[in-house]
Amino acid sequence: MQDAIATLPKVELHLHIEGTLEPELMFALAERNGVELPYASVEDVRAAYQFHDLQSFLDIYYAGARVLLTEQDFYDLTRAYLERCQADHVRHTEIFFDPQTHTERGVAFATVIDGIRRALADGERELGITSRMILCFLRHLSADAAMETLETALPWREHIHAVGLDSAELGNPPERFQAVFDRARAEGFPAVAHAGEEGPPEYIWQALDGLRVARIDHGVQAEQDPALMERLARDRIPLTVCPLSNIKLCVFDRLEDHNLKRLMDAGLCVTINSDDPAYFGGYVGENFRATAQALQLGPDDLERLARNAVDAAFLEPEAQQRLHGEIDAWRARLAD
Ligand code: HPA
Ligand code: ZN
C-alpha cells in the first residue's frame, strides 16, 4: 500500500505557497535579507508549531512570511515546493498566494508574482509538473483592500487562473466579499473560497450561492447540514480537504475521527491536499499515507481521490484525460 500511495499520480488543489516555507529556508532567507527572527534555531521554530486553532497558526505563519522580500526568495520558495511535488508524484498543482501578506510589508506585487511564476515555468519545463496560480484575498482585511488587490493584479491576469478567499474564517463570512468576487467573475476569473474549516455550513452556502465558487476549500463542516450535503453531491462541488491541517488546527481531535471517508461515502467529490505542509507536518504524499492508514482507505478510495482531483482541477479536458490515463496505468500496475 505504501508503494501504491507513493506512485499514485497526484493533483494538489489546496496549497498556500507561503505555507511551504520550511524552517531551514526561513533561517537562510532571514540571514540573506538581514531579517531578525524570534527563534534561536530551526529546532526552536519547529517547537513553536503547536497550534490550538486557525488563528494561533495564522499569527506564526504571517510572522514567518516576513523573511520573503525579493523575487529570488519567492522563486526559491516555489522551487523547493515543486521538488517536494516531484518526490510525491504530484503531476499538477494549483497554488494559492496571498499578495496582501507581502504588499502590506512594502513588497511589490510584481516581486511576489514574478518569483512564483518563474519557478512554476521552470518547474513545468524541468520537472514536467503543470500548475495554476490562485490569488487569495485575506478575509481578516477589508473588502476594499481585497478590491484594491484585484485591481493591482489585473496587469498580470494571464498568469492568474482564479481567485480565492483565505485567512481567519470565523467572523469574516464570504458575503463580506460579494463585490470583489462579482468583479472578479466579470473579469473572467473562476473562484474558490475557504469555507467550513472552522466556520458554519452557512458560510459554505454563501460561498456557493453568493460568491459562486467552483470548489470549496476545506468544507468539512458541511456534514452538519444534510441539505448542504445534498447540494454538494448533486452539483459535484469539489471539497479540497486537508487532513493533517485539520488535526494540527484541532478541527478534529485525531485523524481516526476525520470525516473524509464519510464525505466520500455520501457521494461528495473529495480531494486530499496539504494546505501549509511546512507547518502541518507533511506534504500531500504524507497526507495520503496518514489518512489511508487512519481511515483504512483501500486502492479504490485512493483511485477515487486521485480522479476527483483531476476532475476538480482548472485544466483543459485533454490535460485531464492525460492524467486519468496516468491513473489507469497506475491501477494496471497495482493489479500485476
Ligand atoms: N485556512 C485559512 N487561511 C489559511 C489557511 C487555512 O487553512 N492556510 C493559510 N491560510
Ligand atoms: Zn488553506
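Read the numbers this way: they start at 1 and go in the same order the structure lists the ligands and their atoms.
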_Are L150 and I134 linked, directly or through intermediate hydrophobic residues, by side-chain heavy-atom contacts shorter than 4.5 Å (ILVMFWY only)?_
no
*Over-ring placement of R105 relative to Y62, 6.0 Å and 45° cut-offs*: no
*For D311 and H324, test the side chains for any donor-to-acceptor distance below 3.5 angstrom and give the result as yes or no.*
yes
*State the atoms of ligand 1, each with its element, that fall below the 4.0 Å cut-off from a heavy-atom position in F57.*
8 (N), 9 (C)
*Would you mind telling me if ligand 1 is within reach of the side chain of L54, the backbone, both or neither, using heavy atoms under 4.0 Å?*
side chain
_What protein heavy atom lies closest to atom 3 (N) of ligand 1? Include the residue and the distance to one decimal._
S167 N, 2.8 Å
*Please find the N/O/S atom of H16 nearest to the Zn ion (ligand 2) and write down its name.*
NE2
_Positive for side-chain hydrogen bond (donor to acceptor under 3.5 Å, both in side chains) with N172, one of E169, R176, E175_ = R176
*Which residue owns the protein heavy atom closest to atom 5 (C) of ligand 1, what's the atom, and how far is it?*
H16 NE2, 3.6 Å
*Has C242 got an N, O or S atom lying less than 2.8 Å from the Zn ion (ligand 2)?*
no
*asked:* Please check: side-chain N/O of D217 versus main-chain N/O of V192, any donor-acceptor pairing under 3.5 Å?
replied: no
_Identity and separation of the nearest protein heavy atom to atom 7 (O) of ligand 1_ = D275 OD2, 2.7 Å
*Looking at D276, which atoms of ligand 1 are within less than 4.0 Å of one of its heavy atoms?*
5 (C), 8 (N), 9 (C)
*With backbone taken as N, CA, C and O and side chain as the heavy atoms from C-beta onward, which portion of H218 lies under 4.0 Å from ligand 1: side chain, backbone, both, or neither?*
side chain
*Thinking salt bridges, do R79 and D76 make one under a 4.0 Å N-O criterion?*
no
_If the threshold is 4.0 Å, N to carboxylate O, is there a salt bridge linking E223 and K261?_
no
*Go through ligand 1 atom by atom and flag the ones less than 4.0 Å from a non-hydrogen atom of H194.*
1 (N), 2 (C), 6 (C)
_Regarding D88 and R84, does a basic nitrogen lie under 4.0 Å from an acidic carboxylate oxygen?_
no
*asked:* Any donor-acceptor pair under 3.5 Å linking the side-chain atoms of Q72 with those of R118?
replied: yes
*asked:* Under 4.0 Å, heavy-atom basis, I'd like to know which part of F96 is in contact with ligand 1: side chain, backbone, both or neither.
replied: neither
*Please find the N/O/S atom of D275 nearest to the Zn ion (ligand 2) and write down its name.*
OD1
*How does E197 reach ligand 1, if at all, at less than 4.0 Å between non-hydrogen atoms: by side chain, backbone, both, or neither?*
side chain
